[in-house]
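Predicted model only: the values in this text are computed from it and were never measured.
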Amino acid sequence: MKAQSLLVSSFVALSVVLSGCGGGGGGSRSGGSAPSSDIEGAAVKGILKNADVAVYPVVDGVVDGEALQMTTTDDAGRYSLNLSYTGPALITITGNADASMVCDVPAGCDDGEGGTAAFGADVPFGANMALEAMAVLDGGAVSINVTPLTHLAAAKARAAVLNDVAIRLANSHVANLFGVTGELTALPAVDITDTTALEGADANAQKGALLAAALYGAALEEGQTLDQLATAFINTSGGQFYGQQSVSTGVDLAEIYTAAQAALTTSGANLSGVSTTLGTALAAAQQLGEELTQAAPSDTAALANLAKAKAFVSQVRTLGTSFITEASAEAFANELEAAGTLLSADTELLAQALGYAVNAIAEVHAQRTENGALTSPQIVTFDMAEVEVTFVNDSYTVTSVSGVAEALETDLSATLVLDYNCTGNACADPEEASGVVYSETETTAVDLQISGAVSLPALKLEIIEGVVSGSTVSSLTDQETDTGNYEFEGVSEEDFTGGAEFDLTVRLAQRDTQTGEDLAGGVALQGALGLDVSGLHTTSYEEYENVCDEVSCTWQAVEDETFTFGIAALTFSGTVDTANNALALNFAFEADANGYVLEETSSVPGTRCSELHMCDGSDSGWEQTSEETAGEFIEGNFSLRITVALAGIAEESRIEITGSRSALTAGNVAVNISYPGKTLQISAPLTLNPSAEDGEDEVTTSGVTLTNQDGVVAVLQVNESGDLFGNIQVGGVVYATITEPNLIKVTYVDGTFESIQ
């Protein structure tokens, strides 16, 4: 398994670089606070224009009633202030008669006149509406963006003993709850109704902007204001959400992620990776169900930046010794390998059998539509399989699928509703007359409900319940001309468009070959499987001829095919039970053809056949004739989230692996390790070589970036000599450098250092 090997190698390499015992020397230094603070930021609920901005000091745990300074936002929602103040502060954005808000709710917003304004339109932001953020002003320049996310955090801070620490912990708590990194108030404000702006932001900002809009949208859906949502949030175990409630009593996490997905769809933005990340987060929320989230703030969130940088190295070392070691990585990889045994050649055979079964049901149904006297059972023959179908009314049972594999057992039951129509002179399957052009256009809409199982001696695929729906349009034009003496020539053209959606609850398990029961200590996967394909389009063009002489004939044919699609998406949410663990697993994959059309050609060059019809030669096989380009390439992304117990870390830790291809030769892969109050993301930009030949690297990277929950960033690169170098930053300011050779050394700006080796 190449992906598994890459994962293990990454973890092991990281353990070598960033684990081990460290040493240090020197002292520490600190300077005095700056006498004033420069604040710049934006207000987003969507973008708030011409709204009132006020900054209030927090004195002895109480928000002072007199504002330090006031201003208004501009038409981009931005503001700036200069204050002769340092310390904890409340920033409020309040509506007025001239203020407006860009509607970023897909269902639309109240237009102030009893109607509904569309997504992207300006609506009133009245005096009864407000948005808050809390921050600690340390002097100098600071970015404070006020959003529904910071509104939640401000409510949590107010519920505590209000001081510097409470504010920083509250902001960290909300950031960790939603999986965004860095200081919550510094998260870039992005207008999600501006496709260009949204696509131009980094993934962390994109996710934050969509979630901020989703909070507001989910509150509206539940008939709540943001203040009511915030109150319910802090009254639920001090700041948690239920995963997904069966009886809604307010906003839950699944509603928020559903709203975020809707906002992304409505925005029209193409966000490589974010859509699948939202998908796996939604699935995890649904799995959580009636249980509460377990979000916690970072215990280092209230430290000064230099101390955060030092704590970051300690955090990485803890992960290095507890998980990112060769032994631990291999142990985790063994779990993945166990799960990978289900993705074997046998699984492919079962999937093929299932496909033949569904096609056979549709074929028998179509035959019954044309011939009401058709009797049960019916045998449907394909190139590689033969399927037996029995039926009573609209209920069908597949009793056998032969030709796919030996000892294949099938027991599938289905009900089918098929809307089929055919127009054209070929619909009645006429005896083709020489030189006549026959054509037909078929439209089909399918709604299939299916359950049952297909199994091999060592593996069983059970569909607990499933729904398949789709629609297709196909057209065929065919002409064959008989020139006599067994000679003929023909042209055939076919065009097919369609889409399908599969929603299945499945179980795939290893079997005891003797008893047919689940294998003791074997692996089983169970959960919800979804597949959605839209914009599927294929074409086929064939020319052929048969030319004879006194003793034999020569058959020649050339066939061209094209294939493309709009969006193909695969999701799975469930569990993988291995001999050692039960892993909660959520997976999402999405591909976009992005204009690329796969073209293939096949030919039969001069195959000679004797009068006994014994032919020499063979066809050329299919050869791909199209290549991806910078403007037309298959774009894709995936997200795999697994909940595991990490020894010495936490019982409920989460590992999320994401990857994307955003250009012909560019992509990214990231591993995110999260546990209560802590997150570490390892990210690497990739350079892809689609035309790599044997011995060449298909994928290379220029470096690795590590980011933790406090927004501490380590940028690591390797020079021409193979030595590691880089730095550690907080808020864009470098607080340490990393150097090699001989000794991998972290040197801090206060003169202290650590060796990591």
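- Thr562 is not listed as a side-chain neighbour of Leu598, based on a closest heavy-atom distance of 4.5 Å or more.
- Counting only distance, with no hydrogens or angles, the side chain of Asn393 and the backbone of Ser395 share no donor-acceptor pair below 3.5 Å.
- Tested against Thr277 for a side chain to side chain contact (heavy atoms under 4.5 Å, CB included), the candidates Asn637, Leu271, Thr658 yield a single pass: Thr658.
- Between Tyr356 and Phe382, a ring centre-to-centre spacing shorter than 6.0 Å is recorded.
- To the nearest 0.5 Å, atoms CG (Leu292) and OH (Tyr242) are separated by 4.5 Å.
- Considering CZ of Phe178 and CG of Leu210, their distance stands at 12.5 Å, rounded to 0.5 Å.
- Here the CD-CG distance, from Gln206 to Leu278, works out to 10.0 Å after rounding to the nearest 0.5 Å.
- Distance check, rounded to the nearest 0.5 Å: CG of Leu570 to CZ of Phe638 gives 12.5 Å.
- Within a 6.0 Å radius of CD in Glu221, other residues, nucleotides and ligands contribute 12 heavy atoms or fewer.
- Ring-plane geometry between Phe565 and Phe563 is classed as tilted, the angle between the planes lying from 30 to 60 degrees on a 0 to 90 degree scale.
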(request) Please test Val358 against Ile450 for side-chain contact (heavy atoms from CB on, under 4.5 Å), starting from the C-alpha separation and ending with a verdict. (result) CA-CA 9 Å; Val358 171; Ile450 189 168; 4.1 Å; yes
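- If you take CG on Leu508 and CG on Leu350, they are separated by 7.0 Å, rounding to the nearest 0.5 Å.
- Between Phe241 and Thr236, every side-chain heavy-atom pair lies at or beyond the 4.5 Å cut-off.
- Distance alone, capped at 3.5 Å, places no donor-acceptor pair between the Thr266 side chain and the Ala263 backbone.
- In this structure the side chain of Leu456 never reaches within 4.5 angstrom of the side chain of Leu461, judged on heavy atoms.
- Every salt bridge (charged side-chain N to carboxylate O under 4.0 Å, His left out) that Glu628 has, sequence neighbours left out, goes to Arg661.
- A donor-acceptor contact under 3.5 angstrom links the side chains of Thr293 and Gln240, judged on distance only.
- Remark: the Asn708 side chain and the Gln681 side chain contain no N/O donor-acceptor pair separated by less than 3.5 Å.
- Qualifying side chain to side chain contact (heavy atoms under 4.5 Å, CB included) partners for Ala281, counting only residues two or more places apart in sequence or in other chains: Tyr257, Arg641.
- Checked by atom type and distance alone, the side chain of Asp252 pairs as donor or acceptor with a backbone atom of Gln245 at under 3.5 Å.
- Annotation for Leu418 and Ala362: closest pair CD2-O, 4.2 Å, computed over non-hydrogen atoms.
- Closest approach of Ala458 and Asp346 over heavy atoms only: CB-OD2, 4.5 Å.
- Under the rule for a salt bridge (charged side-chain N to carboxylate O under 4.0 Å, His left out), the partners of Lys678 that lie at least two apart in sequence or sit in another chain are Asp299.
- Shortest non-hydrogen contact noted between Ser275 and Glu590 is OG-OE2, 3.6 Å.
- Inter-residue side-chain proximity for Leu585 and Leu640 is flagged as met; some heavy-atom pair is nearer than 4.5 Å.
- A donor-acceptor contact shorter than 3.5 Å links the side chain of Thr564 to the backbone of Tyr596.
- Checked against Asn586 for a side chain to side chain donor-acceptor pair (under 3.5 Å), the options Gln287, Gln286, Glu656, Arg654 give a single hit: Gln287.
- Using a 4.5 Å heavy-atom cutoff, the side chains of Leu412 and Tyr396 are not in contact.
- Not less than 6.0 angstrom separates the ring centroid of His537 from the ring centroid of Phe496.
- Considering every non-hydrogen atom in both Gly566 and Asp592, the closest pair reads O-OD1, 3.2 Å.
- Nearest heavy-atom pair across His173 and Gly239 is NE2-O, 2.6 Å.
- Within the 3.5 Å criterion, the main-chain N or O of Thr258 finds no donor-acceptor partner in the side chain of Gln261.
- Within a 6.0 Å radius of CD in Glu348, no more than 12 heavy atoms belonging to other residues, nucleotides or ligands are found.
- In this structure, the side chain of Ser267 engages the main chain of Ala269 through a donor-acceptor pair within 3.5 Å.
- Defined by atom type and a distance below 3.5 Å, a donor-acceptor pair is missing between the side-chain atoms of Thr181 and Gln709.
- Of the candidates Ser662, Ser683, Ser660, Ser683 is the only one forming a side chain to side chain donor-acceptor pair (under 3.5 Å) with Asn668.
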(request) Determine, stepwise, if the pair Ile463 / Leu354 fulfils side-chain contact (heavy atoms from CB on, under 4.5 Å). (result) CA-CA 10 Å; Ile463 301 174; Leu354 179 61; 3.6 Å; yes
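- Proximity of a side-chain donor or acceptor of Asp419 to a complementary backbone N or O of Thr444 within less than 3.5 Å is not detected.
- To the nearest 0.5 Å, atom CG of residue Leu282 and atom OG1 of residue Thr571 are 9.5 Å apart.
- Counting heavy atoms from C-beta outward, Val387 and Ile379 have side chains that stay 4.5 Å or more apart.
- With sequence neighbours left out, Ala259 forms a side chain to side chain contact (heavy atoms under 4.5 Å, CB included) with Ala214.
- A donor and an acceptor atom, one from each side chain of Glu388 and Thr399, are located under 3.5 Å apart.
- Using a distance-only test at 3.5 Å, with no hydrogens or angles considered, no donor-acceptor pair links the side chain of Ser451 to the main chain of Glu465.
- Judged by distance alone, the side chains of Ser639 and Thr280 do bring a donor and an acceptor atom under 3.5 Å apart.
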(request) Kindly determine whether Asp447 and Leu416 satisfy side-chain contact (heavy atoms from CB on, under 4.5 Å), including the steps that lead there. (result) CA-CA 6 Å; Asp447 186 356; Leu416 174 67; over 6 Å; no
Show me, pair by pair, the donor-acceptor contacts under 3.5 angstrom made by side chains of residues 403-410, not counting sequence neighbours?
none

For residues 514-532, run the donor-acceptor check on the side chains, cut-off 3.5 Å, and write out each pair with its distance to 0.1 Å, sequence neighbours left out.
residue : atom : partner : partner atom : Å
Thr515  : OG1  : Glu517  : N            : 3.2
Asp518  : OD1  : Arg507  : NH1          : 3.4
Asp518  : OD2  : Arg507  : NH1          : 3.1
Asp518  : OD2  : Arg507  : NH2          : 2.7
Gln526  : OE1  : Arg507  : NE           : 3.2

(message) The test is side-chain contact (heavy atoms from CB on, under 4.5 Å); show your working for Ile655 and Asn672 and say whether it passes.
(response) CA-CA 6 Å; Ile655 299 172; Asn672 190 302; over 6 Å; no
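- Of all non-hydrogen atoms in Ile192 and Ala209, the two that sit nearest each other are CG2-CB, 3.7 Å.
- Side-chain contact between Phe233 and Leu177: present, with at least one pair of heavy atoms (C-beta onward) separated by less than 4.5 Å.
- Using a 4.5 Å heavy-atom threshold, the side chains of Thr397 and Asp411 count as touching.
- Remark: side-chain polar atoms of Gln378 are not paired, donor with acceptor, to backbone N or O of His365 under 3.5 angstrom.
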